Amino acid sequence: MEFSTDWSIDGYRAAYECDEHWDLRKRFMEAHKESFPEEELVCLAQTFTNVEFMGCRYPAETMRMIAELSKDVAKDFRKERESRLKRTFVGAKDAAEAKVKKIRK
């Protein structure tokens, strides 16, 4: 199958998209630009980031395809993410107790 690869990936960045999401989606498209037609690749890349960041689920065949295509891209991204600071969420009850204890001292 022949298709054009003469298109710019950068034109697909959404105005609302944060750097982290765009970088991962862009890496996915760069990795597979030679293998898929433009419209299909853009859709696959969006599906991949939906799975990675939003926890979305798709039909089993789609999930298998995304897992296979994203293997190297996701592995590198997850490794980079491990070295970043982790957010810790505190429940409202625990936060209120900590505040009260601090005031009493």
Side-chain angles (χ1 to χ4, degrees):
M1 177 189 323
E2 269 189 52
F3 49 85
S4 173
T5 58
D6 187 26
W7 53 275
S8 173
I9 290 172
D10 291 321
Y12 283 98
R13 182 170 187 176
Y16 57 82
E17 194 167 22
C18 71
D19 291 342
E20 181 181 42
H21 292 200
W22 169 243
D23 289 342
L24 188 61
R25 194 159 66 97
K26 183 178 180 179
R27 279 192 227 173
F28 183 94
M29 287 193 281
E30 288 170 342
H32 302 292
K33 188 174 182 180
E34 305 291 326
S35 304
F36 293 94
E38 180 179 359
E39 288 181 10
E40 185 176 357
L41 181 57
V42 170
C43 183
L44 288 168
Q46 187 63 57
T47 302
F48 164 56
T49 56
N50 288 350
V51 169
E52 192 67 29
F53 293 114
M54 312 279 261
C56 295
R57 294 285 168 239
Y58 296 91
E61 185 178 332
T62 303
M63 293 299 288
R64 278 191 295 275
M65 183 178 192
I66 293 297
E68 183 62 33
L69 291 172
S70 67
K71 203 181 304 181
D72 293 332
V73 175
K75 179 181 68 174
D76 293 342
F77 170 75
R78 290 175 187 144
K79 188 181 284 188
E80 289 171 13
R81 206 173 205 195
E82 283 177 10
S83 64
R84 294 184 187 167
L85 291 175
K86 305 271 188 287
R87 291 183 184 165
T88 304
F89 293 97
V90 177
K93 181 181 174 193
D94 295 334
E97 285 177 8
K99 186 174 182 178
V100 168
K101 288 177 184 176
K102 188 174 181 181
I103 292 172
R104 288 185 184 164
K105 286 183 180 181

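Note: hydrogens, waters and symmetry copies are ignored here, and every other heavy atom, side chains too, is used. Computed from a predicted model, the values in this text were never measured in an experiment.
Both Phe48 and Met54 are part of a single hydrophobic cluster, where members link through side-chain heavy atoms under 4.5 Å apart. Linking Ile, Leu, Val, Met, Phe, Trp and Tyr residues whenever their side-chain heavy atoms come within less than 4.5 Å leaves Leu24 and Val51 in two separate clusters.
With values rounded to the nearest 0.5 angstrom, Cys18 atom SG is found 8.5 Å from Asp23 atom CG. Atoms OG1 and CZ, from Thr47 and Phe28 in turn, are 8.0 Å apart once rounded to the nearest 0.5 Å. Here the straight-line distance linking atom NE2 of His32 with atom CG of Leu69 works out to 4.5 Å at 0.5 Å rounding. How far NZ of Lys101 is from CD of Glu97: 5.5 Å, rounded to the nearest 0.5 Å. Annotation: the span from Phe36 atom CZ to Leu44 atom CG amounts to 5.5 Å, rounded to 0.5 Å.
Residues satisfying the side chain to side chain donor-acceptor pair (under 3.5 Å) test with Asp94, not counting sequence neighbours, are none. A search for side chain to side chain contact (heavy atoms under 4.5 Å, CB included) contacts involving Lys33 returns Thr5, Trp7, Ile9, Leu41, not counting sequence neighbours.
In this structure, the side chain of Arg25 engages the main chain of Tyr12 through a donor-acceptor pair within 3.5 Å.
Using a 4.0 Å cut-off between a side-chain N of Lys or Arg and a carboxylate O of Asp or Glu, Asp19 and Arg13 qualify as a salt bridge.
Taking the side chain as every heavy atom from C-beta outward, His21 and Glu52 never approach each other to under 4.5 Å.
The aromatic ring centres of Phe53 and Phe77 sit less than 6.0 Å apart.
Residues Met63 and Cys56 share a closest heavy-atom pair of CE-O, 4.3 Å.
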